[in-house]
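Protein chains get the first letters and strands the later ones, always in sequence-line order, with residue 1 at the start of each.
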Amino acid sequence: MGLEIAFWILAVVAITAALAVVSLRNIFRAALCLILCFLSIAGIFVVLSADFLAAVQVLINVGAIAILIILAIMLTREVERGSLPNKLQFPVIASTVLFLCIAVFAVIRTPWQVSDLPPVEPTTAELANKLFGEGGFILPVEISAVLLLATIIGAIVLMREK
Amino acid sequence: MPELIPQEALWPGNFWLHLLVFTVIIITFILLTVMFFIWFERRLLGRIQVRLGPNRAGPFGLLQPLADVIKVLTKEDIVPARGDKPVFWLAPIVAFVPVLMMFAVIPFQDGALLVDLNIGILYIVAVSSMASIGIFMAGWSSNNKYSLIGAMRDVAQLVSYEIPLALSILGVVLIAGSLSLTEIVEAQTVPFILLQPLGFLIFFIGSLAEMNRTPFDLVEADSEIVAGYNIEYSGMKWATFFLMEYAEALTISAIITTLFLGGWRGPLLPPFLWFIIKVVTVFSVIVWVRATIPRLRIDQVMAFTWKFLLPLALINLLITSLQVVFWPEAPVWLIVFAGLFIMIALILIWSKFFKLGGDRIDV
């Protein structure tokens with residue numbers, strides 16, 4: 001009962017914040033709403049007893065990515081007025097609504113596998129075993145690490161003075 | 001509903017009562033300790049600088065923080081006319097709440113904590129990264145160039161110092177084999193400051209930067225940018241920022257106590273008292289550093305973390321994991337001496353690699 005109330009509050013906050021992100025003219029406030037959206041999604045993870053994922057969500061999305069977004073906003077002009085309106089509004093709204101309908105349809109029609117088992121506790125060790133254990137995802141993890149390293153080196157090379 | 005907390009750990013009765021009682025205890029503890037810390041820091045600074053410090057209000061000046069609180073609360077609340085007002089109002093709260101939240105998982109003694117999360121230390125790292133958003137909101141919404149510069153410095157500093165900080169925590173987590181703070185304390189038959197001297201040093205320096213204390217207080221460097229992100233704040237809102245900074249110092253002291261100094265463990269005295277003694281000791285060292293070392297320049301701060309702390313933290317993590325994987329039964333005295341030796345050697349070698357300051361750097 002309590003968990004359901006929490007879920008609905010968080011869901012409403014997340015969607016309202018997400019709508020505010022795209023509709024607010026002031027880009028800085030839009031970024032703050034994005035942070036609120038990330039936080040409520042972390043809250044939904046907690047409700048689903050995925051505590052590790054929630055902490056990582058806050059650490060990565062709120063603590064790092066949101067800060068980078070704000071720093072990037074500082075480099076744009078016209079922070080308070082945002083981008084001027086153009087004629088693409090209606091096509092964007094139409095395609096978004098279409099995408100939303102398809103996504104909702106797909107989610108409703110998919111026969112989800114539902115497990116009766118209670119959630120695993122604690123989740124950290126289980127996650128680590130799934131990721132790095134026997135038959136896990138060690139290769140994708142390593143490849144993504146190499147990819148990130150390549151990106152960093154690429155950024156440094158691009159930014160170096162000739 | 002999944003049980004977040006085992007029943008026997010809930011001290012006064014059921015879940016809600018436990019939540020209520022511990023929230024009240026934690027907030028009272030933070031407010032009282034912050035007032036004590038303000039007095040203590042001013043007295044200790046006075047002592048170090050060969051003067052008296054506050055000594056008029058009450059015995060030994062103990063009532064000075066109280067007088068300051070009354071003074072601050074009765075001040076006029078000024079809001080900049082061209083600032084972003086809702087953000088300006090929200091900023092102090094957004095900055096203060098994460099610091100309060102961090103205390104939820106810190107054990108005062110065995111079982112005496114709000115929630116024993118099994119991801120305790122990860123939770124602390126995650127929540128502490130949120131405080132900078134409040135500071136940035138304050139800096140931006142004030143519509144003042146000095147506060148914006150202060151906020152930018154804070155964000156740059158926080159993003160850079162978080163990496164060595166998290167890496168040095170990983171060393172502790174590897175040895176303890178758990179993310180839960182209670183289990184980390186229980187694993188410390190020897191305080192981890194002895195097993196992880198380099199990790200402790202990196203964590204200590206990193207947390208000094210994280211809470212913007214001297215020598216990393218260029219966020220509020222008076223001589224350059226007046227007071228940093230909170231220039232335009234006055235009255236209660238300013239007091240909230242001030243409270244936030246001291247509460248952060250208290251929280252960091254508590255985390256250092258828990259991770260490296262054995263938490264509540266200690267002979268003779270009751271565990272709760274040991275915890276307080278260790279926290280005050282760590283805070284005294286922080287004040288001592290403030291009284292001793294001058295402020296760094298922004299490029300020095302950045303160079304220090306990326307060129308000095310980060311490589312050392314990585315090497316420390318590598319050495320610790322090698323020891324944990326290949327030689328878990330190593331005798332304690334050997335680890336202690338090897339750790340000390342490695343720390344001194346690495347610091348000496350790395351100090352030869354690059355110099356901080358002295359020469360001008362063209363940007």
Side-chain angles (χ1 to χ4, degrees), chain A residues 1-7 24 26-36 38-39 42 45-75 79-80 117-128 152 156 161, chain B residues 1-6 15-16 82-87 90-91 94 97-98 101 105 115-137 139-141 143 148-149 151-152 154-160 162-163 166 173 177-180 183 362-363:
Chain A
M1 187 59 200
L3 280 181
E4 278 189 2
I5 297 173
F7 170 79
L24 279 180
N26 186 328
I27 314 181
F28 185 71
R29 288 193 196 171
L32 294 180
C33 287
L34 186 64
I35 294 171
L36 183 63
F38 284 152
L39 274 180
F45 283 147
V46 173
V47 171
L48 299 173
S49 57
D51 46 2
F52 185 82
L53 211 55
V56 170
Q57 159 87 2
V58 173
L59 183 62
I60 306 289
N61 278 343
V62 179
I65 292 183
I67 296 284
L68 288 182
I69 289 175
I70 289 179
L71 283 182
I73 284 174
M74 290 296 125
L75 299 177
V79 175
E80 269 160 42
L117 295 174
V120 188
E121 187 100 14
T123 52
T124 318
E126 284 297 317
L127 267 178
I152 294 171
I156 293 173
E161 290 170 45
Chain B
M1 179 181 166
E3 283 296 325
L4 289 175
I5 312 164
F15 176 80
W16 293 108
R82 297 192 57 198
D84 194 343
K85 290 198 183 62
V87 181
L90 276 176
V94 176
V97 167
M101 278 169 69
V105 294
V115 267
D116 186 12
L117 287 182
N118 54 40
I119 50 157
I121 192 63
L122 187 70
Y123 166 87
I124 284 181
V125 174
V127 171
S128 72
S129 69
M130 272 160 57
S132 67
I133 292 170
I135 289 179
F136 203 91
M137 284 165 74
W140 169 257
S141 62
N143 198 18
L148 187 58
I149 293 173
M152 292 292 253
D154 178 76
V155 170
Q157 196 169 301
L158 207 124
V159 169
S160 321
E162 204 146 74
I163 302 166
V173 172
S178 169
L179 290 167
S180 154
E183 279 171 43
D362 295 318
V363 182

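Between chain A and the options S129(B), S128(B), A156(B), heavy-atom pairs under 4.5 Å are most frequent for S129(B). The most heavy-atom pairs under 4.5 Å with chain B, out of V62(A), L68(A), I67(A), come from I67(A).
E183(B) is linked by a side chain to side chain donor-acceptor pair (under 3.5 Å) to S178(B), counting only residues two or more places apart in sequence or in another chain. Contacts of Q157(B) classified as side chain to side chain donor-acceptor pair (under 3.5 Å), with partners at least two apart in sequence or in another chain: N212(B).
Heavy atoms of M152(B) lying under 4.5 Å from chain A belong exclusively to its side chain. The parts of V125(B) that come within reach of chain A are both its backbone and its side chain, each placing non-hydrogen atoms under 4.5 angstrom from that chain. With a 4.5 Å cut-off on non-hydrogen atoms, L179(B) touches chain A through its side chain but not through its backbone. Proximity to chain B (any heavy atom under 4.5 Å) is shown, for I60(A), by neither the backbone nor the side chain. Interface residue L39(A): only side-chain heavy atoms are found under 4.5 Å from chain B.
Residues I70(A) and V155(B) have side chains not in contact (no heavy-atom distance under 4.5 Å, counting atoms from C-beta outward). Counting heavy atoms from C-beta outward, L148(B) and N143(B) have side chains that stay 4.5 Å or more apart. Contact check for V87(B) versus F28(A): side-chain heavy atoms found under the 4.5 Å cut-off.
With respect to I69(A), the side-chain contact (heavy atoms from CB on, under 4.5 Å) criterion is satisfied by exactly one of I35(A), N61(A), L34(A): L34(A).
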